[in-house]
Amino acid sequence: MATDPALREGAARLVADLPPAPAVWCSGLRKRYGRRTAVADVSFTVGRGEVVGLLGPNGAGKTSVIKMLLGLVHPDGGEALLLGRPTAEPAARARVGYLPELFRYQPWLTPAEVLALHVRLAGLAVPEAEQRERLATVGLAGRAHDRLGGFSKGMQQRLGLAVALVARPELVVLDEPTSALDPLGRADVRDVVLALRAQGVAVLLNSHLIGEVERVCDRVVILDRGRVAAAGTLAELLGQRELRLHLTDVPAAAAARLAAAGPVEREGDWYVLALPADHDEGAVPDLVRDLAALGARVHAVEPARITLEERLLGILRAGQSADHGSPS
Ligand SMILES: Nc1ncnc2c1ncn2[C@@H]1O[C@H](COP(=O)(O)OP(=O)(O)OP(=O)(O)O)[C@@H](O)[C@H]1O
């Protein structure tokens, strides 16, 4: 069938004007190893320039999902696209940097040689100065020409991060990037992730260090037994803000005023009030004024918010008790 060149051009313009495909898109991913289901049903998206944390207990399926996304493990079901291309296409992975959970580089090579090798494998021309910069980013500038045989685990992990960054990726997948790092190294990785986001590079981060995820991630996907147990922005997941009040001599009218403000839990003289998500700015000062006017003695008022760790534990425990309660 002959196609009209004007029509073809118009279609090409339309496609060029579309927003870029997400960095990661997956739907209904499934994987079994023998009789064990590692991944039952996983769908999520990582937008361009977005930092998404993958959380979950041991064996939840995080590494299996990452390997399916990268085309290293063949899924039994579902679909995945990397930067808009099917993961099975090698071209899909050309602009993806990956730091695997377990890896070992050849001990006779130097960091400079490892980076040069990965640049060649990626088929890119990255100048040596830029490769040296990547080593400096991960704190290995002074060790560029030392043999890896004498490197500590943490230094190898730093090199792994440099490898993931060297070929100018548009998406970086980090599987437990800080497991061997000291606190300074962890802070360095945080800075690297934030710098990547500032450059518009998307990051998928699998880490058991929840505080780390809470500090750098825009969104979190929580996996439990091969399924997405919860997903959302930190504001969505941790949305409920709490107010801790230290009160004594609380008359019934003040207790009623407090209860009218939202659900309250009492621990001795401390009252923990869950503020409604849509509370306005005046709600807290109005409450404190009313409590005092009604005769309560107000010793302290502290804002509080549940941590991601508390939320994660709540989700996982709720999943467990739902399972125990359901008929088998
Ligand atoms: N190659 C494999 N062969 C057999 N079983 C596997 C294989 N890889 C993973 N599994 C199983 O699949 C399940 C999910 O494992 P996976 O490594 O994806 O979990 P994870 O969430 O990354 O765990 P962790 O936090 O401990 O690294 C586990 O029960 C694991 O034993």
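It should be emphasised that the depicted structure is a prediction, and the values quoted were computed from it without experimental measurement. Below, each value reflects all heavy atoms present in this structure, side chains not excepted, and no hydrogens, waters or symmetry copies. Every number for a ligand or one of its atoms is a count from 1 in the order of the listing.
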Checklist entry - Just by modelled atom types, is the Pro86 backbone N or O under 3.5 Å from a matching donor or acceptor in the Glu89 side chain? => result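 No, Glu89 side chain to Pro86 backbone: no donor-acceptor pair under 3.5 Å.
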
Checklist entry - Is it true that a side-chain atom of Gln157 and a backbone atom of Glu176 form a donor plus acceptor pair closer than 3.5 Å? => result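 Side chain of Gln157 to backbone of Glu176, a donor-acceptor pair under 3.5 Å: yes, one is there.
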
Using a 3.5 Å cut-off on N/O to N/O, what pairs does ligand 1 make with the protein? A line per pair would be great.
unit_1, atom_1, unit_2, atom_2, d
ligand 1, 18 (O), Ser64, N, 2.9
ligand 1, 18 (O), Ser64, OG, 2.6
ligand 1, 19 (O), Gly61, N, 3.3
ligand 1, 21 (O), Ala60, N, 3.1
ligand 1, 21 (O), Gly61, N, 2.9
ligand 1, 21 (O), Lys62, N, 2.9
ligand 1, 21 (O), Lys62, NZ, 2.8
ligand 1, 22 (O), Thr63, N, 2.9
ligand 1, 22 (O), Thr63, OG1, 2.9
ligand 1, 23 (O), Gly59, N, 2.8
ligand 1, 25 (O), Asn58, ND2, 3.3
ligand 1, 25 (O), Lys62, NZ, 2.8
ligand 1, 25 (O), His208, NE2, 2.9
ligand 1, 26 (O), Asn58, ND2, 2.9
ligand 1, 27 (O), Glu101, OE2, 3.3

Next on the checklist: Using a strict threshold of under 4.0 Å (side-chain N to carboxylate O), is an ion pair present between Arg30 and Asp76?
Outcome noted: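 Salt bridge: no.
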
Checklist entry - With a 4.0 Å cut-off, would you call Arg168 and Glu130 a salt bridge? => result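 So Arg168 pairs with Glu130 through a salt bridge.
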
Item to check | Lys153 to Phe151, cation-pi by 6.0 Å centre distance and 45° axis angle | outcome: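 Checked: cation-pi criterion not met.
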
Next on the checklist: Check this for me: Arg85, atom CZ, are more than 12 non-hydrogen atoms of other residues, nucleotides or ligands nearer than 6.0 Å?
Outcome noted: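 Counting neighbours around CZ of Arg85, 12 or fewer heavy atoms of other residues, nucleotides or ligands fall under 6.0 Å, so no.
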
